[in-house]
Amino acid sequence: EAVFVADGKLHFLTKHRKPGEQAGWQPGTKLYRLDTNYTDRDNVLTLVSRRDDIVLPTAAELSPDGNRLAVLTYIAVWVFERPADGVNWLAGAAVTYPINRLVTKIVEAVAWRDDETLLIANEDRDLFIMPVGPGAPAVAAAESN
């Protein structure tokens, strides 16, 4: 559902449907990385990790300095610091910034304006500016196992 590039490699975040339900969603996301770029055979994604407390990711983007990952969901933006191992972007503690869905409606895109400001777009092409630097209203999220 969401794609971002880190260290020259494509990364993917998944959305999960409830088995047998067209409109039902399950919490959680998996982080995959594309390690190959074959043109003559299938490229297999590498499962890096999963995080069960992120619900319905819709977009992701690295900050201009490459040190933070923003993951957009319908109700919040999760911001992760660059992982110490350089691989598992979802492993560390995150800061979440709530989104008022009554205002933003269905958000589908996120981009960094600068290292402390996000631009968020919805399906109606409305743009929202979200500060994510010091002093911005946020909630700490626990580290994933």
Side-chain angles (χ1 to χ4, degrees), residues 1-19 21-37 39 42-144:
E1 183 65 26
V3 178
F4 66 96
V5 176
D7 302 318
K9 295 191 182 231
L10 282 173
H11 291 72
F12 303 86
L13 293 169
T14 61
K15 260 188 199 175
H16 300 164
R17 289 190 192 277
K18 289 183 180 176
E21 293 185 32
Q22 187 73 12
W25 297 100
Q26 287 183 262
T29 188
K30 291 179 182 174
L31 173 63
Y32 290 92
R33 183 183 62 236
L34 182 63
D35 291 321
T36 59
N37 57 357
T39 58
D42 290 343
N43 291 282
V44 178
L45 295 173
T46 301
L47 176 62
V48 175
S49 69
R50 66 177 295 132
R51 184 127 183 174
D52 294 330
D53 52 353
I54 296 177
V55 180
L56 302 177
T58 62
E61 181 73 13
L62 277 187
S63 60
D65 65 7
N67 289 325
R68 294 192 294 165
L69 173 68
V71 176
L72 178 66
T73 72
Y74 293 133
I75 61 169
V77 176
W78 294 65
V79 178
F80 294 90
E81 296 296 322
R82 177 174 278 284
D85 67 3
V87 175
N88 187 358
W89 280 95
L90 303 182
V95 177
T96 60
Y97 299 87
I99 291 175
N100 183 342
R101 191 165 178 193
L102 295 174
V103 174
T104 61
K105 302 176 187 161
I106 300 174
V107 291
E108 294 289 345
V110 65
W112 290 85
R113 180 184 208 177
D114 56 44
D115 287 325
E116 296 185 359
T117 312
L118 293 171
L119 298 173
I120 297 170
N122 67 14
E123 288 183 337
D124 296 330
R125 295 180 288 183
D126 298 320
L127 287 176
F128 303 91
I129 297 171
M130 176 178 275
V132 292
V139 178
E143 290 190 24
S144 176

query = Given side chains that start at C-beta, do those of Leu31 and Arg51 come closer than 4.5 Å, heavy atoms only?
reply = no
task = Check whether any side-chain heavy atom of Val71 lies under 4.5 Å from a side-chain heavy atom of Val77, and answer yes or no.
result = no
message = Can a donor-acceptor pair be found, under 3.5 Å and without considering hydrogens, that links the side chain of Thr29 to the backbone of Leu13?
response = no
Residues Leu10, Val3; criterion side-chain contact (heavy atoms from CB on, under 4.5 Å); working and verdict = CA-CA 7 Å; Leu10 282 173; Val3 178; 3.8 Å; yes
key: Atom pair NZ/OH of Lys15 and Tyr74 - distance to nearest 0.5 Å   = 3.0 Å
query = Could you state the interatomic distance from CG (Asp124) to NZ (Lys105), rounded to the nearest 0.5 Å?
reply = 5.0 Å
ask   = In terms of ring plane angle, is the pair His11 and Phe4 parallel, tilted or perpendicular, where the classes change at 30° and 60°?
value = parallel
query = Would you call Arg82 and Asp65 a salt bridge, taking side-chain N to carboxylate O under 4.0 Å as the test?
reply = no
key: Trp89 to Gly66 - nearest heavy-atom pair and separation   = CH2-O, 3.6 Å
query = Asp35 and Arg33: salt bridge (Lys or Arg N to Asp or Glu O under 4.0 Å), yes or no, with the steps?
reply = CA-CA 6 Å; Asp35 291 321; Arg33 183 183 62 236; 2.5 Å; yes
query = Can you tell me if Tyr97 uses its side chain to pair, donor with acceptor, with the backbone of Ala136 under 3.5 Å?
reply = no
query = Which atoms form the tightest heavy-atom contact between Ala109 and Leu72, and what is the distance?
reply = O-CD2, 3.5 Å
Straight-line distance of Leu90 CG to Trp78 CH2, nearest 0.5 Å = 9.5 Å
ask   = With distance as the sole test, does Thr73 use its side chain to make a donor-acceptor pair with the main-chain N or O of Pro57 at under 3.5 Å?
value = no
ask   = Would a 4.5 Å heavy-atom cut-off, applied to side chains only, mark Glu1 and Glu108 as touching?
value = yes
ask   = Given the rule in the side-chain contact (heavy atoms from CB on, under 4.5 Å) test, do Ile129 and Leu118 qualify, once you have shown the distances and angles that lead to the verdict?
value = CA-CA 6 Å; Ile129 297 171; Leu118 293 171; over 6 Å; no
Residue pair Met130 / Arg113, side-chain heavy-atom distance below 4.5 Å = no
query = Could you give the distance from CD1 (Ile75) to CD1 (Ile99), rounded to the nearest 0.5 Å?
reply = 8.5 Å
task = Indicate the atoms forming the closest heavy-atom contact of Trp112 with Leu62, along with that distance.
result = CD1-O, 3.0 Å
note = From the list Val44, Thr46, Val48, Thr14, side chain to side chain contact (heavy atoms under 4.5 Å, CB included) with Tyr32 holds only for Thr14
remark   = In this structure, CG of Asp52 is separated from CD1 of Ile54 (nearest 0.5 Å) by 9.5 Å
request  = Quick one: pull up CG in Asn43 and CG in Leu34 and give me the separation to the nearest 0.5 Å.
outcome  = 5.0 Å
query = If you look at every heavy atom in Val79 and Arg68, which pair is closest and at what distance?
reply = CG1-CD, 3.8 Å
message = Quiz question: by atom type and distance under 3.5 Å, do the side chains of Asn122 and Thr104 form a donor-acceptor pair?
response = no
